Peer 1: 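Sharing a structure with you now.
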Amino acid sequence: MFDINLLRNDIAATAERMKARNYVIDTAAFEALEAERKALQIQTQELQQQRNALSKAVGQAKAAKDEAKAQQLLAEVAAVPEKVKANELALAGVQERVNAILMAMPNLPQADVPMGKDSDENVEQRRWYPNGKAARTIDFEVKDHLALGEALTSATGPQLDFEAGVKLSGTRFTVMRGPLARMHRALSQFMLDTHVNEHGFTECYVPYIVNAESMTGTGQLPKFEEDLFKVPMPSEEGGEVKNRYLIPTSEVSLTNFVRDTLVDANTLPMRLTAHTPCFRSEAGSYGRDTRGMIRQHQFDKVEMVYITKPDESNAMLEEMTGNAEKILQKLGLPYRVMLLCTGDMGFVATKTYDLEVWLPAQNTYREISSCSNCEAFQARRMGARYKNAAGKNEPVHTLNGSGLAVGRTLVAVMENYQNADGSITVPEVLRSYMGGLSVIR
RNA sequence: GGAAGCGUGGCCGAGCGGUUGAAGGCACCGGUCUUGAAAACCGGCGACGGGGCAACCCGUUCGUGAGUUCGAAUCUCACCGCUUCCGCCA
């Protein structure tokens with residue numbers, strides 16, 4: 001949630017900075033609403049105070065057995081509760097309007113984030129190649145992962161089977177069989193093991209269905225409901241049916257660990273990781289990446305989440321990005337690191353690095369990880385705080401990043417490790433997860 | 001599916017219509033004592049919001065939401081969650 005103090009204290013400067021995100025703050029409207037809120041709140045609290053004082057006096061009179069005075073006081077208060085109730089109602093209405101504005105506002109970019117309107121203005125930070133110089137030159141006709149996967153066979157059908165996915169579920173679903181399915185599993189195991197054993201993460205198993213409070217905490221709700229799959233669930237006692245949601249990323253489950261909690265400062269920074277499927281409706285992406293495994297309604301991802309103190313969150317963003325890079329390096333996949341410009345960042349982020357992996361068949365780099373520092377944006381929504389050095393409760397910072405998107409990593413391995421005969425060499429680090437298999441045919 | 005309970009501050013736990021934001025304990029923060037630490041003793045200490053330059057003042061908050069009342073942690077209803085026993089079960 002956007003920090004209301006930025007609007008109260010210096011709305012002009014804040015509005016100026018938000019322009020970078022193509023977000024226009026109606027400063028006059030906000031100031032008018034805020035003035036209304038302030039007047040109403042003061043009036044309401046004065047009435048509450050009046051009621052409380054008189055009620056207390058009634059109690060005292062009764063305790064002193066002064067019935068006459070008690071009756072007199074009761075007559076005096078009689079009209080107050082009604083006024084209080086009316087004011088409370090009006091105030092709640094105004095506060096709801098203020099809140100709705102704050103909930104719909106995206107986060108403010110950090111000062112060093114480059115200005116820009118879309119992905120064309122992202123700034124490359126660095127590139128990495130297995131041999132330090134360039135991506136492997138492929139001296140035969142390069143195939144994409146569809147051609148490769150559909151040509152590979154198992155005892156029961158193609159190793160990569162889009163038709164079966166469509167039959168079972170519809171477009172943007174895929175079936176894998178045999179060694180390719182195993183490599184998909186090997187990738188997630190390898191990623192998890194690396195983060196746990198080398199990067200200090202706690203491995204977690206989390207729900208794939210979460211409630212509306214969790215989705216609100218991390219920012220998917222209320223604004224992006226159309227991107228989510230809803231699951232109507234009756235309560236155990238047969239009460240009303242409430243919507244829950246399939247997670248679009250395990251960031252939601254992991255980050256909400258600290259919702260509504262005062263986090264013990266000694267446990268910070270927290271490093272959490274989980275391997276889960278992710279479910280996205282992909283509303284609004286019709287026609288994009290319709291072929292292949294790049295954009296699916298269901299895909300696996302190994303996620304990294306950090307819960308940190310405010311002064312260490314930017315250092316942790318660098319660390320997390322490095323963790324994701326490490327996975328690509330161990331897999332020997334060429335990539336580049338992009339610093340997203342203001343116009344390309346997600347709703348909750350203040351600063352984001354994207355990792356883009358080299359896909360030779362497309363002759364381009366494609367996003368395979370996104371690492372963001374959300375600062376206190378999610379923490380304010382969630383009520384996630386810690387006691388700072390001054391003894392004050394303060395929102396924590398939250399970060400999340402993919403480490404990595406498993407399906408896209410499989411695509412990258414297939415395309416980068418393809419051989420002239422259509423077989424795929426298994427990267428060294430995955431072989432122990434695949435019973436020593438070195439080539440998929 | 002049947003039966004019975006219970007949700008109070010960072011944690012444990014009293015309170016069950018009126019000067020109760022809530023006893024007591026633990027934890028935490030000062031201080032005394034000590035070579036140091038521990039113990040003991042003294043003092044402090046909930047959260048969220050609003051107003052004020054400030055000292056400070058006010059409001060809200062006892063799972064959540066409605067209701068009864070001049071007044072609700074305390075009474076009523078609904079919802080959410082948890083525990084125990086029986087049954088069933090991946």
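Chain identifiers are assigned alphabetically (A, B, ...) following the order of the sequence lines, protein sequences preceding nucleic acid strands; residue numbering begins at 1 within each chain. The structure displayed is predicted, hence computed values, not measured ones.
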Peer 1: Would you classify Gln48(A) as touching base, sugar-phosphate or nothing, given that sugar-phosphate means primed atoms plus P, OP1 and OP2, and contacts are heavy atoms under 4.0 Å?
Peer 2: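 Result for Gln48(A) = sugar-phosphate.
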
Peer 1: Any residue in residues 205-221 of chain A with a heavy atom nearer than 4.0 angstrom to RNA chain B? Just list them by number, or reply none.
Peer 2: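 Residues of residues 205-221 of chain A that come under 4.0 Å of RNA chain B do not exist, since none gets that close.
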
Peer 1: How close or far is atom C1' of rG67(B) from atom CD of Glu88(A), stated in whole angstroms?
Peer 2: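 In whole Å, rG67(B) C1' and Glu88(A) CD are 14 Å from each other.
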
Peer 1: Angle between ring planes, Phe201(A) versus His199(A), binned at 30° and 60°: parallel, tilted or perpendicular?
Peer 2: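 If you compare the ring of Phe201(A) with that of His199(A), the planes turn out perpendicular.
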
Peer 1: For Asp260(A) and rU61(B), give me the distance from atom CG to atom P, rounded to whole Å.
Peer 2: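 Roughly 17 Å, once rounded to whole Å.
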
Peer 1: Restricting to nitrogen or oxygen on both sides, can you table the protein-nucleotides 51-57 of chain B pairs closer than 3.5 Å?
Peer 2:
none

Peer 1: May I have the list of side-chain donor-acceptor pairs in residues 150-172 of chain A shorter than 3.5 Å, sequence neighbours left out?
Peer 2:
unit_1: Ser154(A); atom_1: OG; unit_2: Thr156(A); atom_2: N; d: 3.1
unit_1: Ser154(A); atom_1: OG; unit_2: Thr156(A); atom_2: OG1; d: 3.4
unit_1: Ser154(A); atom_1: OG; unit_2: Gly157(A); atom_2: N; d: 3.3
unit_1: Ser154(A); atom_1: OG; unit_2: Gly157(A); atom_2: O; d: 2.8
unit_1: Gln159(A); atom_1: OE1; unit_2: Leu180(A); atom_2: N; d: 3.1
unit_1: Gln159(A); atom_1: NE2; unit_2: Thr153(A); atom_2: O; d: 3.2
unit_1: Gln159(A); atom_1: NE2; unit_2: Arg441(A); atom_2: O; d: 3.2
unit_1: Asp161(A); atom_1: OD1; unit_2: Glu163(A); atom_2: N; d: 3.2
unit_1: Asp161(A); atom_1: OD1; unit_2: Ala164(A); atom_2: N; d: 2.9
unit_1: Asp161(A); atom_1: OD2; unit_2: Arg177(A); atom_2: NH1; d: 2.9
unit_1: Asp161(A); atom_1: OD2; unit_2: Arg177(A); atom_2: NH2; d: 3.2
unit_1: Arg172(A); atom_1: NH1; unit_2: Arg288(A); atom_2: O; d: 3.4
unit_1: Arg172(A); atom_1: NH1; unit_2: Asp289(A); atom_2: O; d: 3.3
unit_1: Arg172(A); atom_1: NH1; unit_2: Arg295(A); atom_2: O; d: 3.1
unit_1: Arg172(A); atom_1: NH2; unit_2: Ser285(A); atom_2: O; d: 3.1
unit_1: Arg172(A); atom_1: NH2; unit_2: Arg288(A); atom_2: O; d: 3.2

Peer 1: Taking pairing as Watson-Crick or G-U wobble with both contacts under 3.5 Å, can you name the mate of rA47(B), or confirm there isn't one?
Peer 2: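 Pairing partner, where one exists within any strand: rU60(B).
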
Peer 1: Applying the Watson-Crick and G-U wobble criteria at under 3.5 Å, what pairs with rA3(B)? Answer none if nothing qualifies.
Peer 2: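 In the structure as shown, rA3(B) has rU84(B) as its Watson-Crick or wobble partner.
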
Peer 1: Tell me the interatomic distance from Glu82(A), atom CD, to rG67(B), atom C1', rounded to whole angstroms.
Peer 2: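 After rounding, the reported distance stands at 16 Å.
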
Peer 1: Which residues satisfy the ring-ring contact (aromatic ring centres under 6.0 Å, His included) test with His297(A), sequence neighbours excluded?
Peer 2: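 Partners of His297(A) by the ring-ring contact (aromatic ring centres under 6.0 Å, His included) criterion, ordered by chain and then number, come out as Phe173(A), Phe229(A).
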
Peer 1: Between atom CD in Glu46(A) and atom P in rU60(B), what is the gap in whole Å?
Peer 2: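 Result: 13 Å.
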
Peer 1: Quick one: list whatever passes side-chain hydrogen bond (donor to acceptor under 3.5 Å, both in side chains) with Glu82(A), sequence neighbours left out.
Peer 2: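 Not a single residue meets the side-chain hydrogen bond (donor to acceptor under 3.5 Å, both in side chains) criterion with Glu82(A).
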
Peer 1: Which residues pass the side-chain hydrogen bond (donor to acceptor under 3.5 Å, both in side chains) test with Gln45(A), sequence neighbours left out?
Peer 2: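 Partners of Gln45(A) under the side-chain hydrogen bond (donor to acceptor under 3.5 Å, both in side chains) test: none.
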
Peer 1: Hey, is Asp112(A) close enough to Lys351(A) for a salt bridge, meaning N to O under 4.0 Å?
Peer 2: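 Looking at Lys351(A) together with Asp112(A), the answer is yes, because their closest N to O distance falls below 4.0 Å.
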
Peer 1: If I take atom CG in residue Asp66(A) and atom P in nucleotide rG18(B), what distance separates them, rounded to the nearest angstrom?
Peer 2: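 Atom-to-atom, Asp66(A) to rG18(B), this comes out as 19 Å.
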
Peer 1: Tell me the partner of rC53(B), counting only Watson-Crick (N1-N3 plus N6-O4 or O6-N4) or G-U wobble (N1-O2 and O6-N3) with both under 3.5 Å; none if nothing fits.
Peer 2: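 Here rC53(B) is not engaged in any pair, so there is no nucleotide opposite it.
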
Peer 1: Which residues pass the salt bridge (charged side-chain N to carboxylate O under 4.0 Å, His left out) test with Arg182(A), not counting sequence neighbours?
Peer 2: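 With sequence neighbours excluded, Arg182(A) shows a salt bridge (charged side-chain N to carboxylate O under 4.0 Å, His left out) to no residue whatsoever.
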
Peer 1: Would you kindly give the CD-to-P distance between Gln41(A) and rG50(B), to the nearest whole Å?
Peer 2: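 Rounding to the nearest Å, CD of Gln41(A) and P of rG50(B) are 6 Å apart.
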
Peer 1: Considering only the C1' atoms, how many Å lie between rG9(B) and rA47(B), rounded to the nearest integer?
Peer 2: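 Result for the C1' pair: 8 Å, nearest Å.
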
Peer 1: When both hydrogen-bonding distances must be under 3.5 Å and the geometry is Watson-Crick or G-U wobble, what is rA40(B) paired with, if anything?
Peer 2: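 Answer to the pairing question: rU32(B), which forms a Watson-Crick or G-U pair with rA40(B).
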
Peer 1: In whole angstrom, give me the gap between the P atoms of rG44(B) and rG52(B).
Peer 2: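 It works out to 31 Å between them.
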
Peer 1: Which value, in whole Å, describes the distance between the P atoms of nucleotides rG24(B) and rC6(B)?
Peer 2: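 Between the two P atoms, the distance is 25 Å.
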
Peer 1: Looking at residues at least two apart in the chain, or sitting in another chain, which of them share a side-chain hydrogen bond (donor to acceptor under 3.5 Å, both in side chains) with Thr44(A)?
Peer 2: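 With sequence neighbours excluded, Thr44(A) shows a side-chain hydrogen bond (donor to acceptor under 3.5 Å, both in side chains) to no residue whatsoever.
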
Peer 1: If I take atom CG in residue Leu268(A) and atom P in nucleotide rG10(B), what distance separates them, rounded to the nearest angstrom?
Peer 2: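 Atom CG in Leu268(A) sits about 17 Å away from atom P in rG10(B).
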
Peer 1: Between Glu303(A) and Lys301(A), is there a side-chain N and carboxylate O pair less than 4.0 Å apart?
Peer 2: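 Yes.
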
Peer 1: Show the distances under 3.5 angstrom between N or O atoms of the protein and N or O atoms of nucleotides 69-72 of chain B.
Peer 2:
unit_1: rC70(B); atom_1: O2'; unit_2: Ser55(A); atom_2: OG; d: 2.9
unit_1: rG71(B); atom_1: O4'; unit_2: Ser55(A); atom_2: OG; d: 3.1

Peer 1: Taking the P atom in each of rG25(B) and rG31(B), what is the distance between them to the nearest angstrom?
Peer 2: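 My reading of the P atoms in rG25(B) and rG31(B) gives 22 Å.
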
Peer 1: Can you tell me the Watson-Crick or wobble partner of rG65(B), both distances under 3.5 angstrom?
Peer 2: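 Matched rG65(B) with rC77(B) under the 3.5 Å cut-off.
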
Peer 1: What's the gap between rA14(B) and rG63(B) when it is taken at their P atoms, as a whole Å value?
Peer 2: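 14 Å, rounded to whole Å.
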
Peer 1: Is the centre of the Phe347(A) ring less than 6.0 Å from the centre of the Phe377(A) ring?
Peer 2: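 That pair passes the under 6.0 Å test.
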
Peer 1: Just jot down the side-chain hydrogen bond (donor to acceptor under 3.5 Å, both in side chains) partners of Thr218(A), sequence neighbours excluded, or say none.
Peer 2: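 Residues passing side-chain hydrogen bond (donor to acceptor under 3.5 Å, both in side chains) with Thr218(A): Gln220(A).
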
Peer 1: When you measure from the side-chain N and O atoms of Arg385(A) to the phosphate of rC48(B), is any distance below 4.0 Å, counting only OP1 and OP2?
Peer 2: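 For rC48(B), OP1 or OP2 has a side-chain N or O of Arg385(A) closer than 4.0 Å.
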
Peer 1: For rG15(B) versus rC89(B), give the span between their C1' atoms, rounded off to a whole number of Å.
Peer 2: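 The same atom, C1', in both gives a distance of 42 Å.
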
Peer 1: Between rG30(B) and rA37(B), how far is it from one P atom to the other, in whole Å?
Peer 2: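 Comparing P positions in rG30(B) and rA37(B) gives a spacing of 13 Å.
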
Peer 1: Would you jot down, in residue-number order, the residues of residues 387-396 of chain A having a non-hydrogen atom under 4.0 Å from RNA chain B?
Peer 2: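 Hits under 4.0 Å, by residue number: Lys387(A), Asn393(A).
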
Peer 1: Could you tell me how far rC80(B) sits from rC88(B) if I compare only their P atoms? Round to whole Å.
Peer 2: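 My reading of the P atoms in rC88(B) and rC80(B) gives 27 Å.
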
Peer 1: Among Arg271(A), Lys326(A), Lys330(A), exactly one meets salt bridge (charged side-chain N to carboxylate O under 4.0 Å, His left out) together with Glu198(A). Which residue is that?
Peer 2: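 With Glu198(A) as partner, salt bridge (charged side-chain N to carboxylate O under 4.0 Å, His left out) holds for just one option, Lys330(A).
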
Peer 1: Which one is paired to rA23(B), where only Watson-Crick or G-U wobble pairs with both distances under 3.5 angstrom count?
Peer 2: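 No nucleotide pairs with rA23(B).
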
Peer 1: In plain terms, say whether Lys85(A) and Glu88(A) are close enough for a salt bridge, that is, a side-chain N and a carboxylate O under 4.0 Å apart.
Peer 2: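 Glu88(A) and Lys85(A): not salt-bridged.
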
Peer 1: Could you note down all residue pairs passing side chain to side chain donor-acceptor pair (under 3.5 Å) where residues 430-440 of chain A supplies at least one of them, sequence neighbours left out?
Peer 2: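 Listed by first then second residue: Asp193(A)-Tyr433(A).
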
Peer 1: Quick check against the 3.5 Å criterion: does Asn107(A) have a side-chain atom that pairs as donor or acceptor with the backbone of Cys374(A)?
Peer 2: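 Answer holds: yes.
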
Peer 1: What is the distance from CD of Gln45(A) to P of rC48(B), rounded to the nearest Å?
Peer 2: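 Whole-Å distance recorded here is 16 Å.
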
Peer 1: Taking it one step at a time, do His397(A) and Glu375(A) satisfy side chain to side chain donor-acceptor pair (under 3.5 Å)?
Peer 2: CA-CA 4 Å; His397(A) 280 193; Glu375(A) 296 190 352; 5.0 Å; no

